[in-house]
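Remarks on the structure that follows.
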Amino acid sequence: MKYAIYGVNRVTKDFLYIFNTLEVVCILENQSEVDEFCGIKVLPFDMVNQNYDKIIVCDFDKTDKIKYLEDKGLTYGQDFLYEKDFFEQLNEGVQFNEDGKPVVVWGIGKWADMFHSLNIKINVEFYIDNYKEVKLYNGKKVLKSNNISNLNQYFIIIAVADDSEIVQELQNKGMKAEKDYLNFADLFNKIPSLALERTIFDTSCYDVSCKTMLTNIELLSSGVVHCCCSTFMYFGMGKASDKDLFDIWNSNIHKIMCLSLENKTFSFCKKDMCPLFVNKKSIAIKDDFIKSKYSEMKEHPDTAILAFDSTCNLKCISCRDELKVACGENLQKVEKYSKLVQEQLIPYIDFMTLAGDGEVFFSKRYKDIYLNDKVAKIKWIRLLTNGLLFNEKNWNEFYTNKTGKIMLTVSIDAATKETYESIRRNGNFKVLQENMKFASKLRKEGKLSYFRINFVVQKKNYLEMEHFVEWGLELRVDEVFFTKILNWGTYSPDEFREISMMQEDGVTPKPELAEILNKQIMQNSIVDLGTIQCQHYEVNQDIDNYYKWELERKIPDLFID
């Protein structure tokens with residue numbers, strides 16, 4: 001079928017980016033300043049020969065366009081359609097709440113807050129929470145599940161981090177995934193039309209240039225695959241347990257996420273977390289969208305962040321209550337992920353980061369990757385480690401046959417033995433100190449191209465920040481990196497409020513932390529305050545890849561061959 005699109009605007013441009021296989025013969029606009037838009041001729045209605053079958057109306061507000069068409073005797077459905085009428089084609093047969101049940105959200109915590117922050121146009125009847133004694137949330141009743149006799153008459157959106165207990169209860173009632181319930185995190189993955197509707201009609205515009213989603217892939221221990229930092233994103237692109245990495249990379253949801261950075265809405269980014277949005281407020285949509293072209297995502301990612309195995313030799317207080325070692329069903333999953341990485345990613349990527357979860361020198365799955373012969377051709381490898389196993393023996397084993405630049409980031413969180421071993425449980429500060437001296441020696445010899453130490457700030461350790469910088473200077477690191485502590489479900493809201501050194505807004509430091517930040521040593525050039533005070537500087541440059549950019553700030557030529 002041949003189409004004409006009515007409208008020279010950003011919605012049209014977004015629509016053509018996603019539905020690029022439609023046969024569009026012209027774009028209609030009676031008062032256009034351009035003769036061509038998105039590579040297609042722009043013509044007024046009175047100059048068009050009827051060489052199309054239907055018109056597609058594209059715009060934020062279609063009122064005037066619809067009136068114009070109806071005044072010409074055209075009718076919706078027969079002569080013209082709306083761009084939104086095509087969205088469900090992206091869902092690949094998956095329907096959201098196809099029985100049309102009333103919708104209920106299970107959860108009233110941060111995931112529910114996030115659900116509402118995305119402004120999804122779904123009417124929620126009421127909320128469920130079995131633990132909090134709250135009667136109202138978001139203006140609606142909060143009920144206990146055991147007080148709802150007809151729960152299977154509702155479609156449940158699960159808005160909690162760990163849904164295993166809820167899923168079991170729903171399954172015991174005979175309810176089925178996707179048909180009767182869906183986790184909020186899976187909502188957009190399963191039903192891309194919702195994601196497209198969110199970004200294509202988002203009138204926000206941010207003066208930010210970031211192309212990370214076009215080139216980056218990140219695999220988490222949950223199996224969820226992201227195209228940017230998972231801390232900065234509301235949700236991922238799908239799960240490696242359901243699809244292989246190539247299918248996820250080439251999915252509709254990934255293309256929609258890429259659209260959100262091309263159209264400058266950044267609709268799926270947590271703008272209060274990503275440093276690129278510091279001091280950035282939404283502005284009017286720029287006029288240069290007519291001339292500029294949207295970039296296409298690459299056939300394969302060239303940057304990979306691997307964080308799929310939580311196996312670790314530590315049980316840090318902010319992360320876990322016990323040692324985690326992959327076993328049973330979980331072991332089968334991480335072994336599968338390791339094989340997928342080696343078969344599908346290693347041949348294509350030039351920058352690899354190991355390991356965003358777990359310990360890179362403690363996990364056999366990570367070891368299988370970095371000892372893979374094909375890794376030798378990777379140009380840049382970044383190691384994330386707790387440092388306790390970064391000794392000469394493990395380094396020599398890792399370093400064999402490596403030809404690219406090696407970067408090291410060590411998470412420490414303290415400057416004294418007492419504090420370190422209370423936060424990083426199972427740790428040994430003396431061993432860590434010796435290993436950091438070894439790392440410093442490798443940096444001096446040029447075997448390490450970058451050396452950074454990390455410190456997650458909380459009530460227990462913030463008084464050691466100055467000493468941590470002094471230690472960094474002694475080690476001659478390239479960067480001392482501070483971040484605010486986040487709640488990964490480890491703490492209750494009250495507990496987290498007590499240990500966090502940020503005020504309720506999550507942005508402003510508490511007075512006692514602010515006093516530390518104002519110390520002279522904290523102004524040293526090796527210090528980066530990351531998510532703590534990132535609002536004090538503004539990024540105004542084009543970012544091809546966030547992960548490269550954050551390292552290039554300290555070593556500008558790091559990613560030059």
Side-chain angles (χ1 to χ4, degrees), residues 310-325 355 357-363 383-395 408-444 448 451-488 490-491 495-496 498-502 509-510 512-513 515-517 519-522 524 526-530 532:
S310 58
T311 297
C312 189
N313 54 331
L314 295 181
K315 47 179 183 178
C316 301
I317 59 174
S318 62
C319 178
R320 58 196 71 187
D321 293 325
E322 58 186 5
L323 289 175
K324 288 187 179 180
V325 177
D357 192 11
E359 169 53 40
V360 66
F361 292 113
F362 194 67
S363 162
L383 296 173
L384 306 182
T385 173
N386 59 45
L388 288 171
L389 296 174
F390 191 80
N391 50 45
E392 188 169 2
K393 176 181 177 294
N394 287 332
W395 166 258
L408 179 68
T409 297
V410 187
S411 296
I412 298 176
D413 303 345
T416 66
K417 173 181 172 63
E418 180 182 8
T419 303
Y420 174 80
E421 293 181 2
S422 67
I423 291 177
R424 299 220 149 225
R425 295 175 300 189
N426 221 41
N428 185 312
F429 193 62
K430 184 177 180 181
V431 170
L432 176 71
Q433 288 177 308
E434 290 302 312
N435 291 348
M436 293 306 92
K437 290 178 183 178
F438 175 63
S440 180
K441 175 175 172 288
L442 293 176
R443 180 67 180 102
K444 183 178 180 180
L448 285 176
F451 180 23
R452 175 172 116 183
I453 54 176
N454 285 357
F455 189 111
V456 178
V457 177
Q458 57 173 291
K459 185 175 182 179
K460 187 182 283 283
N461 64 9
Y462 80 97
L463 291 174
E464 296 184 12
M465 294 172 69
E466 294 174 78
H467 298 305
F468 195 69
V469 178
E470 291 171 351
W471 188 18
L473 291 168
E474 179 184 331
L475 293 171
R476 297 186 179 182
V477 302
D478 298 289
E479 187 171 11
V480 177
F481 193 78
F482 294 97
T483 56
K484 62 186 178 185
I485 191 169
L486 299 176
N487 190 358
W488 303 106
T490 311
Y491 306 101
E495 289 172 333
F496 185 71
E498 176 66 20
I499 67 169
S500 173
M501 296 307 298
M502 311 303 290
K510 291 180 178 178
E512 52 268 46
L513 176 59
E515 183 179 348
I516 298 293
L517 298 178
K519 299 282 187 178
Q520 183 62 39
I521 194 169
M522 300 302 295
N524 192 283
I526 69 169
V527 174
D528 192 306
L529 295 178
I532 297 176

Are [X] and [Y] packed together at the side-chain level, in the sense that at least one heavy-atom pair is separated by less than 4.5 angstrom?
| X | Y | result |
| --- | --- | --- |
| M465 | L513 | yes |
| V469 | F482 | yes |
| F468 | V457 | no |
| M502 | P509 | yes |
| L408 | W395 | no |

Going from [atom1] on [X] to [atom2] on [Y], what distance comes out if it is rounded to the nearest 0.5 angstrom?
| X | Y | atom1 | atom2 | result |
| --- | --- | --- | --- | --- |
| L388 | F361 | CG | CZ | 12.0 Å |
| F451 | R476 | CZ | CZ | 12.5 Å |
| I499 | I485 | CD1 | CD1 | 4.0 Å |
| H467 | T419 | NE2 | OG1 | 10.0 Å |
| N435 | L389 | CG | CG | 8.0 Å |
| N391 | E434 | CG | CD | 11.5 Å |

Would you say K459 has more than 12 foreign heavy atoms packed within less than 6.0 Å of its NZ? no
[X] to [Y] - nearest heavy-atom pair and separation:
| X | Y | value |
| --- | --- | --- |
| D357 | S310 | OD2-CB, 3.3 Å |
| I453 | G472 | CD1-CA, 3.8 Å |
| L517 | M522 | O-CB, 3.6 Å |
| G358 | C312 | CA-CB, 4.0 Å |

Step by step, work out the side chain to side chain contact (heavy atoms under 4.5 Å, CB included) result for R424 and S411. CA-CA 10 Å; R424 299 220 149 225; S411 296; 3.4 Å; yes
Counting N and O atoms only, with roles assigned by atom type, does the side chain of [X] sit under 3.5 Å from a partner on the main chain of [Y], one being a donor and the other an acceptor?
| X | Y | value |
| --- | --- | --- |
| K430 | K417 | no |
| E466 | I516 | no |
| E479 | D528 | no |
| N461 | A414 | no |

Test log, rule side chain to side chain contact (heavy atoms under 4.5 Å, CB included), inputs I526 and L473: CA-CA 8 Å; I526 69 169; L473 291 168; 3.6 Å; yes
Is it true that T385 and E359 share a donor-acceptor pair across their side chains at a distance under 3.5 Å? yes
Could you check whether Y420 and W471 have their ring centres less than 6.0 Å apart? no
Could you work out, with side chain to side chain contact (heavy atoms under 4.5 Å, CB included) as the rule, every residue matching L384, not counting sequence neighbours? T353, R382, T409
Evaluate the side chain to side chain contact (heavy atoms under 4.5 Å, CB included) criterion for residues F455 and I532: first the C-alpha distance (whole Å), next the side-chain angles of each, then the deciding distance (0.1 Å), finally the verdict. CA-CA 11 Å; F455 189 111; I532 297 176; over 6 Å; no
Chi angles and distances behind the side chain to side chain contact (heavy atoms under 4.5 Å, CB included) call for M501, E512: CA-CA 8 Å; M501 296 307 298; E512 52 268 46; 3.3 Å; yes
Look at D478 together with R443 and state whether they make a salt bridge at an N to O cut-off of under 4.0 Å. yes
